[in-house]
A.B. asks: 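Submitted below is the structure of interest, expressed as structure tokens.
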Amino acid sequence: TYLSNLVIQMYGKCGSVENSKKVFDSIHSKSIYTWGLLLIAYTSNGYITQAIQVFDSMPEHDLFSWTAMLAAYAKSGYLQQAKRTFDQMKERDIVSWNAMLTAYSNYQLLKEAKNTFDMMPEHNIISWSAMLIVYAQSGYLFEARDIFDRMPERDLVSWTVMLVSYSENLKPHEAKFIFDQMPEQDVVSWTAMLAAYTHTGHVEQARHVFDSMRERNLISWTTMLLACTNAGNLDQAQGIFDSMPERDIVSWNALIAAYAERGQLDHAKRLFSSMARWDRVSCTAILRGFAISGAIEEAKVAFDSMQEKDLVAWNSMLLAYARNNYLGEAEAFFLVMPDRDVVSWTVMISAYAINGQPASARRVFDSMPEQD
RNA sequence: AUCCGGCGGAGUGUGUCCC
């Protein structure tokens, strides 16, 4: 059983949840600890349905399983369920409080995050970091900095969070200042610094950071690739891509999107067809390339080929119709969309407005449920 | 034998003056 537990955990960490389950099933006397391992195998690989099943089948729950379930709900987009789980807990420790807090932080619910923070019996470095993030992401950079200054202790992660906060608010110089002050740096903070320059179009500095890194991983390489594409240096980006020691679907998608955005469909298609597999980001990127080139039918093919379409994909297809003056198709498409957000409405309304049909624009505008 | 079941940090796709 000792060994079996280890094996469940090992498979879980490798993403082989089926194997975790097999080993689990082969164990006769399952401890709460064993149940917990299977639960984590599912939650950490995004299998929310199976996680719920395991949770509901467990003979008893401890703090670990409650907290794991709470976090799993939050990560899968079920914030209400996460909250309900939290409320049902008989006892809570700082980890479960933090899980609830970071859930709110991830959903950018500043008020709820702050309430949770204030209600917690104690705080640790993770609680402070979560608050820092939610303030920074809500645009309250000064408050975020204040939290950083008031934190009782800081570690590598808190320093990096502060750096990223400046980066996300497009303040690369402040980010660099933090970077230079950090007691130590690792590949994550280096890459965050690289990203700060990338987002703001400082290719030279990005290049300098990249060249100074003593360790690089996939993410660093992809960020450098983006620094080139953002500056319009697609040849350099391709060069980076070609010299990457390894590539994953994100790096492929990044380069495809860059070609697609500039209407370099031949390059985009060449890459796309060389990929081992596609996800909805790849498909949406190539869709956009078709749309920009006016190849509306091929765009639709790309759209239809997507396994799971999200709102971004739907909006991209809507925009493909709208930008190519297929207004009738656009509205028909708009009406069958399973979901609409402010982007969908904006695209639809401006499609009519740009085409000199203010009455139709107005009609769509007035049919919006909430006019934000 | 420091770590070794639950919480925090970096990369890809959609609209938004003008261009």
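Per chain, numbering begins at 1; letters A, B, ... match sequence-line order.
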A.B. asks: How is A/I286 classified with respect to the nucleic acid when contacts are heavy atoms under 4.0 Å: base, sugar-phosphate, or nothing?
C.D. replies: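 The residue A/I286 makes no contact with any strand.
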
A.B. asks: Across the strands shown, which category fits A/D186 at heavy-atom distances under 4.0 angstrom: base, sugar-phosphate, nothing?
C.D. replies: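 It contacts base atoms.
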
A.B. asks: So, A/F303 versus A/F333, ring centres under 6.0 angstrom or not?
C.D. replies: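 Yes, they do, as the ring centres are separated by less than 6.0 Å.
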
A.B. asks: Between A/W159 and A/F148, is the ring centre distance below 6.0 Å?
C.D. replies: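 Yes; A/F148 has its ring centre under 6.0 Å from that of A/W159.
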
A.B. asks: Please report the distance, rounded to the nearest Å, between CZ in A/F117 and P in B/C7.
C.D. replies: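 Whole-Å distance recorded here is 20 Å.
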
A.B. asks: I want to verify a distance call: between B/C7, B/G9, B/G11, whose nearest atom is closest to the A/S189 side chain?
C.D. replies: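 Nearest to the side chain of A/S189 among the choices is B/G9.
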
A.B. asks: May I ask you to decide if A/A74's main-chain N or O and A/Y107's side chain share a donor-acceptor pair within less than 3.5 Å?
C.D. replies: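 Yes; judged by distance alone, with no hydrogens or angles, the pair exists.
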
A.B. asks: Look up atom OG in A/S360 and atom CZ in A/F365, then write down how far apart they are to the nearest 0.5 Å.
C.D. replies: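 If I round to the nearest 0.5 Å, the distance is 15.0 Å.
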
A.B. asks: Could you go through nucleotides 12-16 of chain B and list every protein N or O atom that sits under 3.5 Å from one of its N or O atoms, giving the distance for each pair?
C.D. replies:
| from | atom 1 | to | atom 2 | distance (Å) |
| --- | --- | --- | --- | --- |
| B/U12 | O2 | A/N253 | ND2 | 2.8 |
| B/G13 | N1 | A/D310 | OD2 | 3.0 |
| B/G13 | N2 | A/T284 | OG1 | 3.0 |
| B/G13 | N2 | A/D310 | OD1 | 2.9 |
| B/G13 | N2 | A/D310 | OD2 | 3.4 |
| B/U14 | OP1 | A/R288 | NH1 | 3.0 |
| B/U14 | O4' | A/S316 | OG | 3.1 |
| B/U14 | O2 | A/N315 | ND2 | 2.8 |
| B/G15 | O3' | A/R323 | NH2 | 3.4 |
| B/G15 | N2 | A/T346 | OG1 | 3.4 |
| B/U16 | OP1 | A/R323 | NH2 | 3.0 |

A.B. asks: If you go through the side-chain atoms of A/D93, does one of them form a donor-acceptor pair with the base of B/G6 closer than 3.5 Å?
C.D. replies: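 By the distance-only test, yes, there is a pair.
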
A.B. asks: Between A/W252 and A/F241, is the ring centroid distance below 6.0 Å?
C.D. replies: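 They qualify: ring centres under 6.0 Å apart.
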
A.B. asks: Aromatic ring centroids of A/F24 and A/W35 under 6.0 Å?
C.D. replies: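 Distance test on ring centres: under 6.0 Å, yes.
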
A.B. asks: Base, sugar-phosphate, or nothing for A/V164, non-hydrogen atoms under 4.0 angstrom?
C.D. replies: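 Here A/V164 touches the backbone only, sparing every base.
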
A.B. asks: Starting at atom CE of A/M100, determine the distance to atom P of B/G6, rounded to an integer number of angstrom.
C.D. replies: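 In whole Å, B/G6 P lies 19 Å from A/M100 CE.
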
A.B. asks: Within the structure shown, what part of the strands sits under 4.0 Å from A/D155 by heavy-atom distance: base, sugar-phosphate, or nothing?
C.D. replies: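 The answer is base, as A/D155 lies within the cut-off (heavy atoms under 4.0 Å) of a base atom.
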
A.B. asks: Whole-Å distance between B/G9 C1' and A/I178 CD1?
C.D. replies: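 After rounding, the gap between these two atoms is 14 Å.
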
A.B. asks: Which of these nucleotides, B/G6, B/G11, B/G8, is closest to any side-chain atom of A/K75?
C.D. replies: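 Of B/G6, B/G11, B/G8, B/G8 is nearest to the side chain of A/K75.
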
A.B. asks: Polar atom pairs between nucleotides 2-5 of chain B and protein, under 3.5 Å, N or O only, would you list them?
C.D. replies:
| from | atom 1 | to | atom 2 | distance (Å) |
| --- | --- | --- | --- | --- |
| B/G5 | OP2 | A/Y33 | OH | 3.4 |
| B/G5 | N1 | A/D62 | OD2 | 3.2 |
| B/G5 | N2 | A/D62 | OD2 | 3.1 |

A.B. asks: Can you check the A/N5 CG to B/G6 P distance for me, whole Å?
C.D. replies: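 Distance check: A/N5 CG to B/G6 P gives 13 Å.
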
A.B. asks: For A/R340 and A/M368, indicate whether the former's side chain and the latter's backbone hold a donor-acceptor pair under 3.5 Å.
C.D. replies: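 No; judged by distance alone, with no hydrogens or angles, the pair does not exist.
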
A.B. asks: Provide the distance between the two C1' atoms, one in B/C17 and one in B/G13, to the nearest whole Å.
C.D. replies: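 Per the computed distance, 24 Å lies between those C1' atoms.
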
A.B. asks: Indicate, yes or no, whether a donor-acceptor pair under 3.5 Å links the base of B/G8 to the side chain of A/S129.
C.D. replies: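 Indeed, a donor on one side and an acceptor on the other fall under 3.5 Å apart.
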
A.B. asks: Atom CZ of A/F179 to atom C1' of B/A10: distance rounded to whole Å?
C.D. replies: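 The distance from CZ of A/F179 to C1' of B/A10 comes to 12 Å, rounded to the nearest Å.
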
A.B. asks: Counting the benzene-type ring for Trp, do A/F117 and A/W97 have ring centres under 6.0 Å apart?
C.D. replies: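 No, ring centres 6.0 Å or more apart.
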
A.B. asks: Can you check whether A/H208 and A/H202 have ring centres sitting under 6.0 Å from each other?
C.D. replies: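 No, the ring centres sit 6.0 Å or more apart.
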
A.B. asks: Could you tell me whether the side chain of A/N45 and the main chain of A/G12 form a donor-acceptor pair under 3.5 Å?
C.D. replies: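 At least one qualifying donor-acceptor pair exists.
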
A.B. asks: Between C1' on B/G11 and CG on A/L218, what's the gap in Å once rounded to a whole number?
C.D. replies: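 A/L218 atom CG is separated from B/G11 atom C1' by 9 Å.
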
A.B. asks: Could you state the atom-to-atom distance from CE of A/M120 to P of B/G8 in whole Å?
C.D. replies: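 From A/M120 CE to B/G8 P: 13 Å.
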
A.B. asks: Starting at CG of A/N124 and ending at P of B/G6, how long is that distance when rounded to a whole Å?
C.D. replies: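 Result: 15 Å.
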
A.B. asks: Between B/A10 and B/U14, how many Å separate the two C1' atoms, rounded to a whole number?
C.D. replies: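 After rounding to an integer number of Å, I get 23 Å for this pair.
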
